[in-house]
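We count residues from 1, following the sequence as given.
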Amino acid sequence: MSIQHSSNHPFHLVDQSPWPLLGAFAALTLTTGLVKWFHHFTMDLLNLGLLCIVLVMIQWWRDVTREGTFQGHHTYAVSLGLRWGMILFIASEVLFFVSFFWAFFHSSLSPAVDIGSCWPPQGIKVFNPFQIPLLNTAILLASGVTITWAHHGLMSSNHDQCKQGLLVTVVLGLYFTALQALEYYEASFTIADAIYGSTFFVATGFHGLHVIIGTTFLLVCLIRHLKHHFTVSHHFGFEAAAWYWHFVDVVWLFLYVSIYWWGG
């Protein structure tokens with residue numbers, strides 16, 4: 001005889017899942033592959049780690065989608081907890097980037113004798129802030145408009161408008177990443193060129209990584225929207241992606257003004 005368990009609370013007690021443990025092993029493989037790539041210039045272990053990460057992501061997100069969309073586990077109380085979790089996560093990301101800005105301004109406002117007592121250091125040919133960086137700024141500002149347009153379409157039950165807004169935002173994110181890759185390729189300095197190279201590539205590189213993550217986030221939302229997973233009253237996954245994307249936009253504005261324009 002089967003016994004059905006019923007809960008008298010609105011919270012979601014998740015089932016046992018293999019994905020956290022497998023995700024940890026995938027992350028370990030990825031970081032080990034990075035070290036091997038740095039020292040031995042082979043990417044076999046790195047590619048294996050990336051493949052494992054992608055597979056875990058697909059299956060873990062699949063389970064979360066099932067829990068929230070089809071099984072009804074994401075009640076109001078659960079949704080509220082997810083919202084606060086996303087807010088605190090973005091707050092931690094803000095402090096993550098504050099550390100990079102701190103390092104940049106610490107070095108640029110009072111340049112050391114070792115780098116010629118000037119900023120940028122002698123021998124560093126910086127980027128023109130009114131070329132690719134300005135174009136990337138326009139791209140991200142435009143993407144902020146399109147994601148807001150998509151959200152408006154979702155709230156007004158306009159399926160096509162939401163789809164078009166998400167699609168355009170994803171394309172703009174990919175365009176930004178391609179332009180930043182081109183910028184890195186044409187750079188006349190590297191991450192090893194004094195404190196300027198270190199702060200520039202670490203700050204802009206981590207922002208570029210966040211753009212890639214945000215683009216993936218929005219692409220998943222687009223796929224879910226095409227499958228009619230979102231409704232006017234139940235679409236926190238979309239809202240979380242939009243919050244994250246706006247955070248990426250704001251960080252880029254600070255990067256552009258401080259590192260590209262003022263710091264250059």
Check the pair His73 / Val14 against side chain to side chain contact (heavy atoms under 4.5 Å, CB included), numbers first and verdict last. CA-CA 9 Å; His73 290 315; Val14 297; over 6 Å; no

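- Atom CZ of Phe101 sits in a crowded spot, with more than 12 heavy atoms from other residues, nucleotides or ligands closer than 6.0 Å.
- In terms of hydrophobic clustering, with Ile, Leu, Val, Met, Phe, Trp and Tyr side chains grouped at heavy-atom distances under 4.5 Å, Trp243 and Val250 are assigned to a common cluster.
- In the model, Ser17 has no side-chain atom that pairs as donor or acceptor with a side-chain atom of Trp60 under 3.5 Å.
- In summary, the side chains of Thr204 and Tyr184 do present a donor paired with an acceptor at a separation below 3.5 Å, with no hydrogens or angles considered.
- For the pair Phe189 and Gly197, the tightest heavy-atom approach, listed with the atom from each and the gap, is CD1-CA, 4.1 Å.
- Separation of the Phe96 and Phe206 ring centroids falls under the 6.0 Å cut-off.
- Scanning both residues, Ala27 and Ile53, for their nearest heavy atoms gives N-CD1, 3.8 Å.
- For Phe105 and Trp262, the gap between ring centers is short of 6.0 Å.
- Looking at Met86 and Leu82, their side chains never come closer than 4.5 Å, going by heavy atoms from C-beta outward.
- Between Phe104 and Trp119, a ring centre-to-centre spacing shorter than 6.0 Å is recorded.
- For Lys163 against Leu222, the heavy-atom pair with the smallest separation is O-CD1, 3.9 Å.
- Rounded to the nearest 0.5 angstrom, Glu93 CD and Leu88 CG are separated by 12.0 Å.
- Of the inter-residue distances, the one linking Ser156 atom OG with His151 atom NE2 reads 10.0 Å to the nearest 0.5 angstrom.
- If you run ring pair (Phe, Tyr, Trp, His ring centres under 6.0 Å) between His207 and each of Phe100, Tyr256, Phe247, Phe176, only Phe176 comes through.
- Counting all heavy atoms, side chain and backbone alike, Pro121 lies closest to Tyr196 at CD-CB, 3.5 Å.
- The shortest side-chain heavy-atom distance between Val126 and Pro120 falls under the 4.5 Å cut-off.
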Assess whether side chain to side chain contact (heavy atoms under 4.5 Å, CB included) is satisfied between Leu253 and Leu141, documenting all intermediate values. CA-CA 9 Å; Leu253 291 177; Leu141 289 176; 4.1 Å; yes

Step by step, work out the side chain to side chain contact (heavy atoms under 4.5 Å, CB included) result for Thr69 and Arg224. CA-CA 10 Å; Thr69 306; Arg224 293 190 62 194; 2.8 Å; yes

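- Once rounded to the nearest 0.5 Å, the distance linking NE2 of His234 with NE2 of His229 reads 10.5 Å.
- Of the inter-residue distances, the one linking Leu174 atom CG with Leu219 atom CG reads 8.0 Å to the nearest 0.5 angstrom.
- Between the side chain of Ser107 and the backbone N or O of Ile195, no donor-acceptor pair lies under 3.5 Å.
- In this structure, Ser143 and Thr146 have side chains that are in contact, with non-hydrogen atoms separated by less than 4.5 Å.
- The environment of Trp149 atom CH2 is dense: over 12 non-hydrogen atoms of other residues, nucleotides or ligands sit within 6.0 angstrom.
- Across all their heavy atoms, Val211 and Gly173 have their closest contact at CG1-O, 3.9 Å.
- Across Leu255 and Ala203, no two heavy atoms sit closer than the pair CD2-CB, 3.8 Å.
- No side-chain heavy atom of Phe254 sits less than 4.5 Å from a side-chain heavy atom of Ile259.
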Val232 and Ser157: side chain to side chain contact (heavy atoms under 4.5 Å, CB included), yes or no, with the steps? CA-CA 7 Å; Val232 174; Ser157 300; 3.3 Å; yes

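- For the side-chain contact (heavy atoms from CB on, under 4.5 Å) with Ile147, the qualifying choice from Asp249, Leu172, Leu218 is Leu218, the only one to do so.
- Residues His159 and His225 meet the side-chain proximity criterion, which asks for heavy atoms closer than 4.5 Å.
- Under the 4.5 Å side-chain criterion, counting only non-hydrogen atoms from C-beta, Phe200 is not in contact with Asp193.
- For the pair Thr137 and Tyr260, the minimum side-chain heavy-atom distance is 4.5 Å or more.
- To the nearest 0.5 angstrom, Trp102 atom CH2 is 11.5 Å from Leu95 atom CG.
- In summary, the aromatic rings of Phe97 and Trp252 are positioned with their centroids too far apart to meet the 6.0 Å limit.
- Residues Gln131 and Glu183 form no side-chain contact, since every pair of their non-hydrogen atoms from C-beta on lies 4.5 Å or further apart.
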